[in-house]
Amino acid sequence: MTIRTRFAPSPTGYLHVGGARTALFSWLYARRHGGTFVLRIEDTDLERSTTESVNAILEGMTWLGLEYDEGPFYQTRRFDRYDEVIGELLEKGLAYRCDCSRERIERLREEAMQRREKPRYDGHCRHRQVDPDKPHVVRFRNPDEGLVVVDDMIRGRIAFDNRELDDLIIRRSDGSPTYNLTVVVDDSDMAISHVIRGDDHINNTPRQINIFRALGKEPPRFAHVPMILGEDGARLSKRHGAVSVMQYREEGFLPEALLNYLVRLGWSHGDQEIFSLEEMIQLFEIEDVNKAPSSFNTEKLLWLNQHYLKQGDPLHIAHLLSYHLGRLGIDPTSGPDLVEVVEAQRERARTLVEMAEISRFIYQDFEQIEPAAAKKHLRPAARQPLERMRAALAAQEDWSVEALHRLVEQVAEELELKMGKVAQPLRVAVVGRAASPGIDVTLHLVGQEKCLRRIDRALELIREREAAAGQ
RNA sequence: GCUCCCUUCGUCUAGUGGUCUAGGACGCUGGCCUCUCACGCCGGUAACAGGGGUUCGAACCCCCUAGGGAGUACCA
């Protein structure tokens with residue numbers, strides 16, 4: 001059998017991490033088995049669907065690298081086909097027209113609730129001849145009894161009693177088809193073999209299976225993946241911060257990190273944490289997906305992101321960093337080779353945004369030295385080492401990391417001071433903070449001119465302090 | 001309310017009747033390394049929701065309870 005999976009979002013918002021993971025699982029399943037991955041846009045809700053959302057979803061998929069083999073198919077372009085199927089169902093008596101008022105339906109619901117029963121449509125119009133030219137909806141005639149058994153690839157066997165199901169609307173009074181009909185027609189027409197989707201669809205599954213059968217079609221296999229919860233264990237929602245996939249890009253995450261994080265959310269392969277795309281494809285089995293919902297944990301995502309920052313191709317990361325530097329108002333071409341910046345900083349940053357921020361000093365003079373760092377390191381005792389370093393650096397011609405390293409060591413030796421007594425004041429003077437890459441690399445990246453200028457500023461500050469103390 | 005689903009460290013998970021005094025990862029934490037911050041390395045912290053069965057033996061099988069979640073639309 002040819003494996004065909006699909007991702008079928010409704011374009012009513014951006015691509016969020018839950019949808020992205022579902023898409024990833026579907027994509028992996030297809031890739032794993034040499035199958036085809038189809039993208040279908042479920043836009044039958046004319047009120048809520050927007051082209052902006054379609055674009056946002058496409059953009060998110062592209063960024064993650066989840067390329068589809070067929071599509072995107074739009075359901076709004078298939079209305080004729082749905083009508084054809086509904087007509088067929090009507091003709092065979094497997095569906096019927098209904099003109100029950102919304103008031104009547106509402107009353108039915110309330111009565112059922114009072115009787116502590118599940119609200120269901122009572123089949124009032126099943127045997128009535130509703131005038132096709134008058135306003136009406138079309139309902140699917142659900143079997144009255146029997147069991148519908150779903151053999152879910154993740155949950156196992158789930159049984160539903162047809163008595164719990166009612167005759168659902170498959171065509172609205174405005175003539176548009178509804179979800180449960182369109183999925184079945186599409187999954188059938190597109191020969192989808194495996195439906196991998198969120199578990200909020202479990203309850204729809206028996207209805208859809210019944211429609212498949214009414215159509216004389218074999219239903220696909222189903223796999224319902226549990227949802228993703230927010231950091232606090234509550235349901236993930238727009239109010240829970242960055243849930244849009246594209247926002248993760250803005251916040252400096254790498255797509256490979258997000259993908260790796262997402263694949264491990266609910267799925268595992270022994271104790272392995274790091275998965276390249278190739279490994280995911282090779283090892284992913286839908287049966288290994290957990291049944292329980294899982295909470296999103298940004299801390300672990302950050303760890304993975306740093307892992308990929310550290311492991312990735314520096315040139316590739318440099319390109320991405322360039323964008324984030326730009327956002328800080330920095331012209332990346334106004335400093336050293338970006339690859340050198342990446343290599344110096346990638347063990348110190350968890351995101352590209354952080355990397356850009358801690359690299360700011362390489363390009364721009366700072367407003368003021370961090371007070372705590374200044375207080376601790378720019379004291380009178382630091383004046384002599386700083387002056388010596390200033391003189392040595394001013395005379396320095398070879399500005400390579402190695403040469404600078406020897407220079408700092410030499411000054412420390414001459415003054416009979418430990419490295420820290422020389423490097424720390426120097427660092428604070430040049431960086432404006434007490435943290436940076438190795439002092440040699442730091443000096444190298446900043447460049448001679450800026451280094452000297454900043455050391456002069458720091459020396460000035462020390463003299464001011466000495467004067468103030470002397471009074 | 002009704003139907004369906006879920007339940008191992010704070011979080012992600014391993015585990016499919018004995019090898020579990022429950023393993024790994026993130027986080028937190030002690031130490032080492034060290035010019036700072038990181039990285040790295042070594043160590044620590046912390047869980048089988050509760051109660052009944054079945055069995056020589058249960059995290060694993062069954063039942064109940066509790067707690068979460070989904071659906072119950074002319075949304076998808």
Side-chain angles (χ1 to χ4, degrees), chain A residues 8-12 42-45 47-49 75 98 102 105 109 112-120 136-139 150 152 154-155 158-161 163-166 168-180 182-183 197-206 224 226-227 229 231 233-235 261 264-274 290-304 306 310 345-350 358 373 376-377 405 408-409 412 417-428 431 433-440 442:
Chain A
S10 66
T12 54
E42 310 223 319
D43 53 355
T44 52
D45 184 346
E47 300 279 307
R48 301 195 300 155
S49 301
Q75 294 192 318
C98 166
R102 294 186 198 235
I105 304 293
R109 182 208 318 281
M113 293 286 268
Q114 296 226 323
R115 273 181 275 124
R116 314 182 112 214
E117 280 172 19
K118 187 173 177 172
R120 299 169 76 250
H136 66 274
V137 299
V138 174
R139 288 182 184 272
V150 183
D152 193 279
I154 295 171
R155 314 280 164 148
I158 310 171
F160 296 85
D161 193 322
R163 279 173 293 211
E164 295 295 334
L165 274 25
D166 65 355
L168 60 287
I169 292 173
I170 54 175
R171 187 166 70 193
R172 302 183 182 95
S173 46
D174 68 357
S176 63
T178 60
Y179 167 72
N180 280 302
T182 58
V183 245
R197 67 197 345 178
D199 69 1
D200 48 333
H201 287 289
I202 287 185
N203 291 289
N204 288 323
T205 309
H224 288 98
M227 58 190 279
L229 308 176
E231 304 268 354
R235 188 181 182 185
Y261 180 73
R264 279 287 288 103
L265 211 51
W267 175 80
S268 60
H269 180 74
D271 287 337
Q272 189 170 344
E273 295 287 350
I274 305 297
N290 268 183
K291 295 188 242 222
S294 37
S295 300
F296 197 90
N297 181 223
T298 306
E299 284 300 326
K300 188 157 183 179
L301 207 211
L302 283 164
W303 172 74
L304 274 166
Q306 180 168 40
K310 284 185 300 187
Q345 296 287 36
R346 59 172 164 184
E347 294 180 336
R348 281 165 250 272
R350 298 194 295 178
I358 63 171
K376 184 167 178 192
H377 298 289
H405 186 80
V408 178
E409 262 181 353
L417 288 171
K418 286 190 187 170
M419 267 297 268
K421 294 290 178 197
V422 179
Q424 270 314 86
L426 186 55
R427 169 174 284 112
V428 171
V431 180
R433 307 192 299 129
S436 84
I439 191 65
D440 45 5
T442 298

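- Summarising the geometry, the separation between NE2 on A:H269 and P on B:rG15 is reported as 10 Å, rounded to the nearest angstrom.
- A:S268 comes within 4.0 angstrom of the backbone, heavy atoms only, and of no base.
- A:K291 places its NZ atom 15 Å from the P atom of B:rU16, with the value rounded to the nearest Å.
- For the pair A:T12 (side chain) and A:R48 (backbone), a donor-acceptor distance under 3.5 Å is absent.
- When the side-chain nitrogen and oxygen atoms of A:T44 are compared with OP1 and OP2 of B:rA76, one or more of them lie within a distance under 4.0 Å.
- Across B:rU3 and B:rA47, the matching C1' atoms stand 32 Å from one another, rounded to whole Å.
- When the P atom is used for both B:rC5 and B:rG10, the distance is 27 Å, rounded to whole Å.
- The side chain of A:I158 sits closest to B:rC4 out of B:rG69, B:rC4, B:rA73.
- Closest to the side chain of A:N203, out of B:rU72, B:rU36, B:rC4, is B:rC4.
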What does the list of N/O pairs under 3.5 Å between the protein and nucleotides 46-51 of chain B look like, with a distance for each?
none

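- Side chains of A:S176 and A:D174: a donor on one and an acceptor on the other come within 3.5 Å.
- Distance CZ (A:R427) to P (B:rC37): 9 Å, rounded to an integer number of Å.
- When both distances must be under 3.5 Å, the Watson-Crick or G-U wobble mate of B:rC41 is B:rG31.
- Base pairing annotation: B:rC60 forms no Watson-Crick or G-U wobble pair, as no partner gives both donor-acceptor distances under 3.5 Å.
- Annotation: side-chain hydrogen bond (donor to acceptor under 3.5 Å, both in side chains) contacts of A:R115 (sequence neighbours excluded): A:E117.
- Heavy atoms of A:P206 sit nowhere under 4.0 angstrom from any nucleic acid atom.
- Remark: C1' of B:rC4 and CG of A:L165 are 11 Å apart, rounded to the nearest angstrom.
- An OP1 or OP2 oxygen of B:rG40 is reached within less than 4.0 angstrom by a side-chain nitrogen or oxygen of A:K310.
- B:rU16 is unpaired under the Watson-Crick or G-U wobble criterion, no partner having all donor-acceptor distances under 3.5 Å.
- Qualifying ring-ring contact (aromatic ring centres under 6.0 Å, His included) partners for A:H201, counting only residues two or more places apart in sequence or in other chains: A:Y179.
- Using a 4.0 Å heavy-atom cutoff across all strands shown, A:I202 reaches sugar-phosphate atoms only and no base atom.
- With sequence neighbours left out, the side-chain contact (heavy atoms from CB on, under 4.5 Å) criterion links A:D161 to A:L147, A:R163, A:E164.
- As judged by a 4.0 angstrom heavy-atom cut-off over every strand, A:R102 is placed among the base-contacting residues.
- Between the C1' atoms of B:rG43 and B:rG24, the separation comes to 16 Å (whole Å).
- One atom, CG of A:D152, and another, P of B:rC4, lie 15 Å apart when rounded to the nearest Å.
- For A:E231 and A:T298, the side-chain atoms include at least one donor-acceptor pair closer than 3.5 Å.
- Across the interface with RNA chain B, nearest-nucleotide mapping of A:L301 and A:H405 shows A:L301 to be the residue nearer the 5′ end.
- A:E117 comes within 4.0 angstrom of a base, heavy atoms only.
- Nearest approach of A:L165 to A:R120, heavy atoms of both residues: O-NH2, 2.6 Å.
- Across all strands shown, A:H201 has heavy atoms under 4.0 Å from base atoms, whether or not it also approaches the sugar-phosphate.
- For A:D440, counting side-chain heavy atoms from C-beta on, the closest listed nucleotide (B:rC35, B:rG27, B:rA73) is B:rC35.
- If you check every strand for non-hydrogen atoms under 4.0 Å, A:A292 touches sugar and phosphate atoms only.
- Comparing A:A434 and A:A159 by the nucleotide of RNA chain B whose heavy atom lies nearest to each, the residue mapping closer to the 5' end is A:A159.
- Taking the side chain of A:D271 as heavy atoms from C-beta on, and the options B:rG23, B:rG27, B:rC35, the nearest nucleotide is B:rG23.
- Put simply, NZ on A:K118 is 9 Å from P on B:rA73, counting in whole angstrom units.
- Nucleotides B:rU19 and B:rA59 have their P atoms positioned 10 Å apart, rounded to a whole Å.
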For nucleotides 9-12 of chain B, which of its nitrogen or oxygen atoms have a protein nitrogen or oxygen under 3.5 Å away, and what is each distance?
residue : atom : partner : partner atom : Å
B:rC12  : OP1  : A:S295  : N            : 2.7
B:rC12  : O2'  : A:R264  : O            : 2.9
B:rC12  : O2   : A:K300  : NZ           : 3.4

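- Using a 4.0 Å heavy-atom cutoff across all strands shown, A:R155 reaches sugar-phosphate atoms only and no base atom.
- Counting to the nearest Å, the C1' atom of B:rG69 and the NE2 atom of A:H224 are 15 Å from each other.
- Shown here are the side-chain hydrogen bond (donor to acceptor under 3.5 Å, both in side chains) partners of A:T205, two or more places apart in sequence or in another chain: A:R197, A:H224.
- The base of B:rA76 is not paired with the side chain of A:D43 by any donor and acceptor separated by under 3.5 Å.
- A:R433 contributes no side-chain N or O that, together with a main-chain N or O of A:R427, makes up a donor-acceptor pair within less than 3.5 Å.
- The side-chain heavy atoms of A:Q75 and A:S49, taken from C-beta on, include no pair separated by under 4.5 Å.
- Here the separation of B:rG30 from B:rC35, taken at their C1' atoms, is 24 Å to the nearest Å.
- Summarising the base pairing, B:rA46 is matched to no nucleotide, lacking a Watson-Crick or G-U wobble pair whose two defining distances lie under 3.5 Å.
- Listed by chain and number, the residues in a side-chain hydrogen bond (donor to acceptor under 3.5 Å, both in side chains) with A:T442 are A:S436 (sequence neighbours excluded).
- If you check B:rU36 for Watson-Crick or wobble pairing at under 3.5 angstrom, you find it has no partner at all.
- In this structure, the CZ atom of A:R348 is 10 Å from the P atom of B:rC39, given to the nearest Å.
- Scored by the side-chain hydrogen bond (donor to acceptor under 3.5 Å, both in side chains) test, A:Q306 finds no partners at all (sequence neighbours excluded).
- On the P atoms, B:rG68 is 31 Å away from B:rU29, given to the nearest whole Å.
- In this view, A:H269 and A:W267, A:Q272, A:F275, A:L283 satisfy the side-chain contact (heavy atoms from CB on, under 4.5 Å) rule, not counting sequence neighbours.
- Rounded to whole Å, the C1' atom of B:rA46 lies 23 Å from the corresponding atom of B:rA66.
- The pairing partner recorded for B:rU7 is B:rA66, the criterion being a Watson-Crick or G-U wobble arrangement whose two distances lie under 3.5 angstrom.
- The side chain of A:S10 sits closest to B:rA76 out of B:rU36, B:rA76, B:rA70.
- Nucleotides B:rC4 and B:rU65 are separated by 14 Å at their P atoms, to the nearest Å.
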